Amino acid sequence: MCYGKCARCIGHSLVWLAILCIVANILLYFPNGETKYASENHLSRFVWFFSGIVGGGLLMFLPAFVFMGLEEDDCCGCCGHENCGKRCAMLSSALAALIGIAGSGYCVIVAALGLAEGPQCLDTFGHWNYTFANTDGRYLLDTSTWSQCLEPKHVVEWDVALFSILLALGGIEFILCLIQVINGTMGGMCGYCCSRQQVRTCVKIDMTAKRTTPRQNHNLPLFHCNLYI
């Protein structure tokens with residue numbers, strides 16, 4: 001198993017997931033494309049927790065870029081010790097994944113609470129309140145009750161759809177970061193994967209250098225080969 005290739009795939013996936021989380025969270029501020037409800041503070045309280053912008057979004061870029069940065073490591077090691085640099089990089093990526101777990105976990109928790117409480121809306125009595133707060137989320141299965149929210153129009157559908165998207169995206173991010181914790185730990189303990197072909201290339205370069213300078217007594221310059229998995 002190539003630990004570096006797996007980490008980079010996870011990194012690229014996290015970037016796109018983070019962007020989608022940010023977009024979904026921003027849309028929550030504009031039900032039906034209107035801005036007045038945000039300015040009048042008639043949105044769900046959990047919208048203001050910035051779970052998709054911060055938790056599933058900005059915090060996710062750090063581990064993602066760390067994972068993708070593993071592509072630049074060299075395959076013949078560092079400081080004279082083969083795979084030393086790669087093992088340190090893989091262990092550090094596991095630590096970075098913990099930040100992603102915290103961010104995605106925050107996104108999942110806030111989205112779940114937002115779904116359970118429901119939106120703030122104008123009810124049939126002309127009051128702004130959380131109409132479904134005491135239903136323990138049962139309103140999600142009974143769409144006939146959604147008409148109790150008169151304004152913003154279709155706000156229940158809007159919040160349910162976007163909070164569900166944040167819940168799903170945050171859950172995927174959490175799983176990917178958890179996989180990278182395991183992947184990075186195994187890569188750090190077991191060593192970074194180098195293909196046999198690349199090892200043979202390194203040996204071939206070494207043997208060629210020795211044949212071309214048979215009578216030189218000074219040490220040959222250090223060489224390295226880049227690993228592209």
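Quick caveat, the model's predicted, so the values are computed rather than measured.
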For Q180, side-chain hydrogen bond (donor to acceptor under 3.5 Å, both in side chains) partners two or more places apart: S93, N183
side-chain hydrogen bond (donor to acceptor under 3.5 Å, both in side chains) partners of E151, counting only residues at least two apart: Y37
Q120 side chain to Y130 backbone, donor-acceptor under 3.5 Å: no
I172: partners by side chain to side chain contact (heavy atoms under 4.5 Å, CB included), with sequence neighbours left out: L17, L176
Set of residues satisfying ring pair (Phe, Tyr, Trp, His ring centres under 6.0 Å) with respect to F174, sequence neighbours excluded: none
F30: ring pair (Phe, Tyr, Trp, His ring centres under 6.0 Å) partners, not counting sequence neighbours: none
Would you mind writing out the side-chain donor-acceptor pairs for residues 153-167 within the sub-3.5 Å range, not counting sequence neighbours?
{"unit_1": "W158", "atom_1": "NE1", "unit_2": "L27", "atom_2": "O", "d": "3.0"}
{"unit_1": "S164", "atom_1": "OG", "unit_2": "V160", "atom_2": "O", "d": "2.6"}

Joint hydrophobic cluster, L178 plus L169, side-chain heavy atoms closer than 4.5 Å: no
hydrophobic_cluster_shared for L113 and L43, side chain cutoff 4.5 Å: yes
Sequence neighbours excluded, every pair satisfying side-chain hydrogen bond (donor to acceptor under 3.5 Å, both in side chains) that has a member inside residues 14-36: none
Of all pairs that satisfy side-chain hydrogen bond (donor to acceptor under 3.5 Å, both in side chains), the ones with a partner from residues 138-147, not counting sequence neighbours: D142-S144
Considering all heavy atoms of both residues, which atom of [X] and which atom of [Y] are nearest to each other, and what is their separation?
{"X": "S104", "Y": "I101", "value": "OG-O, 3.2 Å"}
{"X": "L150", "Y": "D123", "value": "CD1-O, 3.6 Å"}
{"X": "I179", "Y": "I10", "value": "CG2-CD1, 4.0 Å"}

Residue pairs involving residues 105-148 (criterion disulfide bond (SG atoms under 2.5 Å apart); sequence neighbours excluded): C121-C149
Contact check, side chains of C21 and E173, non-hydrogen atoms, under 4.5 Å: yes
Candidate pair L98 and V181, rule side-chain contact (heavy atoms from CB on, under 4.5 Å), full reasoning: CA-CA 7 Å; L98 295 177; V181 170; 3.9 Å; yes
Sequence neighbours left out, cut at 3.5 Å: what donor-acceptor pairs do the side chains of residues 55-66 make with other protein atoms?
none

ring-ring contact (aromatic ring centres under 6.0 Å, His included) contacts in which one or both residues fall within residues 86-129, not counting sequence neighbours: H42-W128
Trace of the side-chain contact (heavy atoms from CB on, under 4.5 Å) decision for M68 with V15: CA-CA 10 Å; M68 291 187 295; V15 169; 3.7 Å; yes
Pairs where residues 38-51 contributes a residue and the test salt bridge (Lys or Arg N to Asp or Glu O under 4.0 Å) is met, not counting sequence neighbours: R45-E117
